Amino acid sequence: MDAAAPPPPPTPAAEPTTKVLETTSSGHPAFTRIRLATPSDVPHIHKMMYQMAVFEQLTHLFSATESSFSSTLFSPTIQPFHSFTVFILEVSHNPFTDTHFVELPFYEPITKVVNLDLPIDDPEKESFRTQEGSDVFAAGFVLFFPNYASFLGKPGFYVEDLFVRECYRRKGFGRMLLSAVAKQAVKMGYGRVEWIVLDRNVNAIKFYEEMGANILQEWKLCRLTGEALQAHGCAD
């Protein structure tokens, strides 16, 4: 999903989320965690971003590199929730035992156990292993940043990208990621969360409607980019 650049970020301080843990006694449990991404996640974010471009048939527009993600998403001056923010969804066969991400400021990871009928077969798991020597794998991400709802007089979040890798789809993980963004918006007193969706992606549209989102048919996305944008840089 693509969008125009947001207005200057708002200033309300973020509050840590409450850790959620659900247990299960049967089936095939998948241990999940949503946490703030770190610079070490850039290779996984880049690979998933390209997979999203393939899914949306937009690879001809994809020019981002790991270096560009590192410098723009994880600049030392960026504070989560006040600029570009990425949540990573991790999935493991075992409970999470590390405490590193719990001790980081700004956001307490959300953990949840999802009971599945069948185990997940991840053919790319070695490429998406997030911790050396563990069975923790990156399964999806959401990229969002602040915008402003002038009619509400409140800031909000704009979701630029929401992606779940193919073998993890239709298991509720996309809903978990989007819900995490909405939950953070509520905690910060924001007025809305919005995003765009390709009109041909009927499954996504149905999914968003089921989550309570309004699909605004009367609005059209406008974009300046490439040569059209650069022309304004040369204008008097």
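Since this is a predicted model, take the numbers as computed values, not measurements.
- Here the closest non-hydrogen pair linking D199 and I205 is O-CD1, 3.8 Å.
- A donor-acceptor pair is defined here as one N or O able to donate and one able to accept, closer than 3.5 Å; no such pair exists between the side chain of T72 and the backbone of S70.
- For the atom pair CG (N147) and CD (E194), the distance works out to 5.0 Å, reported to the nearest 0.5 Å.
- Heavy-atom neighbours of K125 NZ from other residues, nucleotides or ligands within 6.0 Å: at or below the threshold of 12.
- With H46 contributing its side chain and A64 its backbone, the two residues share a donor-acceptor pair below 3.5 Å.
- Residues Q57 and H60 come closest through the heavy atom pair O-CE1, 3.6 Å.
- The environment of N94 atom CG is dense: over 12 non-hydrogen atoms of other residues, nucleotides or ligands sit within 6.0 angstrom.
- Summarising the geometry of P43 relative to P39, their closest heavy-atom pair is CD-O, 4.4 Å, with the distance given to 0.1 Å.
- For the salt bridge (charged side-chain N to carboxylate O under 4.0 Å, His left out) condition, no pair includes a residue of residues 142-157, sequence neighbours left out.
- Apart from F151 itself, the hydrophobic cluster it occupies contains nothing, where clustering links Ile, Leu, Val, Met, Phe, Trp and Tyr at side-chain heavy-atom distances under 4.5 Å.
- Atom CD of Q79 and atom CZ of F106 lie 4.0 Å apart (nearest 0.5 Å).
- Note that the CG atom of L89 and the CG atom of L162 stand 10.0 Å from one another [nearest 0.5 Å].
- F74 contributes atom CZ, which lies 9.0 Å from atom CG of L36 (distance to the nearest 0.5 angstrom).
- Among the candidates F163, F141, F144, F157, the single residue satisfying the ring pair (Phe, Tyr, Trp, His ring centres under 6.0 Å) test with F87 is F144.
- Partners of E66 by salt bridge (charged side-chain N to carboxylate O under 4.0 Å, His left out), not counting sequence neighbours: none found.
- Atom CD of E227 is surrounded by 12 or fewer heavy atoms from other residues, nucleotides or ligands within 6.0 Å.
- For the salt bridge (charged side-chain N to carboxylate O under 4.0 Å, His left out) condition, the pairs that include at least one residue of residues 162-173, sequence neighbours left out, are D122-R165, E124-R165.
- Put simply, the residue from Y148, Y190, F145, W195 that forms a ring pair (Phe, Tyr, Trp, His ring centres under 6.0 Å) with Y158 is F145.
- Crowding of F62 atom CZ: a count of heavy atoms from other residues, nucleotides or ligands under 6.0 Å exceeding 12.
- Take T65 and apply the side chain to side chain contact (heavy atoms under 4.5 Å, CB included) test, not counting sequence neighbours, and it matches S67, S68.
- Residue pairs meeting the side chain to side chain donor-acceptor pair (under 3.5 Å) criterion with at least one member in residues 30-40, sequence neighbours excluded, are R33-E90, R33-D98, R35-D41, R35-E90, T38-S40, T38-D41.
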